[in-house]
Every structure is written in structure tokens, then in C-alpha cells.
Number of protein chains: 2
Amino acid sequence: MRVSTRGEYGVRAMFDLALHSGAGPIALKTIAERQMISEHYLEQLMAALRKAGLVKSRRGAQGGYQLAHEPENVSIGQIIRVLEGPITPLDCLDTHTGTGPYCQTPDRCVLRNLWKELQDSMKQVLDNTTLEDLKQDAYRLEVTEGQ
Amino acid sequence: MRVSTRGEYGVRAMFDLALHSGAGPIALKTIAERQMISEHYLEQLMAALRKAGLVKSRRGAQGGYQLAHEPENVSIGQIIRVLEGPITPLDCLDTHTGTGPYCQTPDRCVLRNLWKELQDSMKQVLDNTTLEDLKQDAYRLEVTEGQ
DNA sequence: TCAATTCCTACGGATTTAGTCGGAAATGAA
DNA sequence: TTCATTTCCGACTAAATCCGTAGGAATTGA
């Protein structure tokens, strides 16, 4: 039931980009240092995010990465799916065809419903939280922090 | 974000015991056959469930396993915790001491809140569903199935 | 031209997953 | 008692996944 470092780091990196958006491309090295993530490892994650269209990149000097869309249009669920695959507690939930052993008997279908409920509750959180929401949270934290 | 076969099989086995509760011990072999799970593998899972006090066993001929508590007093969350460990998307959420890199800066705390929300939503489903709930579901399925 | 930076492929060690194997100990029935 | 049944226990393992590392090619701005 864990998010791997791929998902965790990926969200951190995207959140970092969101916080610093609008100021041109940000070098991988900068993100890696700020977020304390191995540069080479993060590179792989950014490659996946780029191929999925969530970030755009510019090579060469002064190059780097930036969000491909506005923070309010990027959900955490999107990021997780790119880096961890489908959001599901059991693979057969999404690829379900009816022939698997999971739904051959009524009692197994009961369990299927259970896992589906779990899946829905996870999606509910991840798909309804955007990078903009997190930015707002960060702003709120910073304001109240100084008091 | 997946439940491993330990959790999946464990829930299946416990649900099987719940459906057949009150009729004395049920042999591992029977459960394994009904649920299509490797006998030896299931044995390991039952050992963990027994040590955790969720099932009780009787050795020897006519021996087997039965639930240690009434189905309404056993949640899916309990089963999952025994077989998969704490229900948490990130290990640091539960073992958090404040010294980890996750909460040294406000922006990281924002992410912590995100993962906590996800954790809560997972717990909400798993801790509020009992074996008795599943039995009820199974009964309902069986009734409507014949129509 | 050159330093900075992304892009790409391959490799590798550690851990986890999903079991298997073999036998000891306990129990009920004949 | 004897025996088949059944749990209990520890060790082993093949494969997959996780979490990176290494090295260099290609691109870009100054």
C-alpha cells in the first residue's frame, strides 16, 4: 500500500516546479538539490513526465524543465499514474474482463467491491488535488508560520 | 499503491472462514482449494494471522482454523496490517519524529498533509469494513442473483 | 568554441514477492 | 497402539521490483 520513491519524488519535483513556475526553465540540478533527490534518478522520472506531456524541457545552457500546464490543471493523480501506473490496489480491478478467478463466484465479487471502494477513495483524494491546491496550502502555511 | 497477494489472499481466507464460521475448524487444505491459493503459501499467512490473534487453530485430525472473534469484530484493516504492515502510503507518516527531511521546510509539510489525507481515506474504507459487512454483501448478492 | 544542460541506454546491488520443500509435533479415530 | 490427518516451523529460491549509478551523445546560449 505504499507509494514508491518514484511517485514521491515525482510529486516533490512537480510541486517544486509549480512553486517556481513562470520564471523560465529550471535546471534538473536545481530541483534535485532543493528536493534532496539523486540527480540521475530524478532525470529518469523527468523523462517519463516529459513523455507524458506533464513537463516541457529545454536543452543546453540556461535550459531546464517547466510545467507544461497551469498548476490548477495538473492533479497529483496524473503524476502518480505516469510514475507508478494505474491507481488501483489490485491489477485485476482495471483490466477486469470477467474471466479471471476474482469474479467467478459471488463471494469473490463481494471482495471485488471492497477493493473498488478502496480504489475510489484513493482516486478521490489524488484526482481532486492539484498542484495549485498545494501552492495555496503552502502559501497559507507561510502566512500563519510567521505569527 | 498495490495490495500484495499476502493481503489479498489473507482477506480471501478470512472471508472464507467467516462464511463458514460456527461449524468447527476448517482445514487449511479446504480453504486453499476453495480460494485457489497455494496451500504452503497460505500456511505462512495463517501463521501470521494466528500469532496476531485473528484466528485460532487446532492441530491433528479434524483440526483446522477458525475465526478467533465474531465477523463483526474483525475489520479488513486488521487483516491487512497483520499481513502487509501499517496502512500508509509513506513510511515516514507513521514513524514521523520531525527530524526527517520531509518536514524540515513548510513546502514539504504541505506534501505530508497530502499523503496523510490519502492515508486517512484508505483507513476509512479498510477500518470500517468488517467481515460481517462482507457476509451481508454476499447474502444480498445471492438473493438478487437468482432473480 | 565551450560550458551547461538535457537525453539515452545500459548496468547493478539490495530488497521484496511469491512461493517451494521437508520434516517435526499434535490429534482424533480405528 | 497405530496411523492418517493436520498444524507448525525453518530454510531455501527464482523472479521481479526498487532505487539508484555510469558514461556518453546531442543540443543550446554566451
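Since the model is a prediction, treat every value here as computed from it, not as a measurement. No hydrogens, no waters, no symmetry mates; every other heavy atom, side chains included, goes into these values. Letters A, B, ... are given to chains in the order of the sequence lines, protein chains preceding strands, and every chain is numbered from 1.
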Open item on the list: Quick check against the 3.5 Å criterion: does B:Asn73 have a side-chain atom that pairs as donor or acceptor with the backbone of B:His69?
Closed with: no

Open item on the list: I'd like to know if the side chain of A:Gln78 reaches the main chain of A:Ser75, judged simply by a donor and an acceptor atom lying under 3.5 Å from each other, with no hydrogens or angles considered.
Closed with: yes

TODO: For A:Leu42 and D:dT21, give me the distance from atom CG to atom P, rounded to whole Å.
DONE: 12 Å

Open item on the list: Please compare B:Lys29 and A:Tyr41 by the position of their nearest nucleotide in DNA chain D and report the one closer to 5'.
Closed with: B:Lys29

Open item on the list: Can you work out whether B:Gly63 or B:Arg6 has the more 5'-proximal nearest nucleotide on DNA chain C?
Closed with: B:Arg6

Would you tabulate the pairs of protein nitrogen or oxygen atoms and nucleotide nitrogen or oxygen atoms of nucleotides 28-30 of chain D closer than 3.5 angstrom?
unit_1 : atom_1 : unit_2  : atom_2 : d
D:dT28 : O2     : A:Ala61 : N      : 3.1

Task: Where chain A begins and ends its contact with DNA chain C, read 5' to 3' at 4.0 Å from heavy atoms - done: C:dA4 to C:dA10

Task: Distance below 4.0 Å between A:Thr5 side-chain N/O and D:dC19 OP1 or OP2 - done: yes

Task: Verdict with supporting geometry, A:Ser38 and A:Tyr9, side chain to side chain donor-acceptor pair (under 3.5 Å) - done: CA-CA 10 Å; A:Ser38 150; A:Tyr9 294 175; over 6 Å; no

Open item on the list: Would the distance check show the side chain of A:Thr30 and the main-chain N or O of A:Ile26 forming a donor-acceptor pair, the cut-off being under 3.5 Å?
Closed with: no

Task: Whichever of A:His40 and A:Tyr9 has its nearest DNA chain D nucleotide further upstream toward 5' - done: A:Tyr9

Open item on the list: With a 4.0 Å cut-off on N to O distance, would you call A:Asp127 and A:Arg81 a salt bridge?
Closed with: yes

TODO: Flag the pair A:Lys123 and A:Asp120 as a salt bridge only when some basic side-chain nitrogen lies within less than 4.0 angstrom of an acidic carboxylate oxygen.
DONE: no

Open item on the list: Is it the case that the side chain of A:Arg2 and the backbone of B:Thr88 share a donor-acceptor pair, with hydrogens and angles ignored and the cut-off at 3.5 Å?
Closed with: yes

Open item on the list: Keeping A:Lys135 on the side-chain end and A:Ala18 on the backbone end, is there a donor-acceptor pair under 3.5 Å?
Closed with: yes

Task: N/O donor-acceptor pair under 3.5 Å between B:Gln119 side chain and B:Ile87 backbone - done: yes

Open item on the list: From CG of A:Leu83 over to P of D:dT17, roughly how many Å is that when rounded to an integer?
Closed with: 16 Å

TODO: Could you check A:Leu17, A:Ile79, A:Thr130 and say which one makes a side chain to side chain contact (heavy atoms under 4.5 Å, CB included) with A:Val74?
DONE: A:Ile79

Task: Residues in contact with DNA chain C, drawn from residues 43-53 of chain B - heavy-atom cutoff 4.0 Å - done: B:Gln44

Task: B:Ser4 and B:Glu84: side chain donor to acceptor below 3.5 Å - done: yes

TODO: For B:Glu39 and for B:Glu84, locate the closest nucleotide of DNA chain C by heavy-atom distance; then report the residue assigned to the nucleotide nearer the 5' terminus.
DONE: B:Glu84

Task: Under-4.0 Å side-chain N/O to phosphate OP1/OP2 contact, A:Ser38 with D:dT21 - done: yes

Task: Nucleotide D:dT6, atom C1' - distance to CD of B:Gln66 in whole Å - done: 14 Å

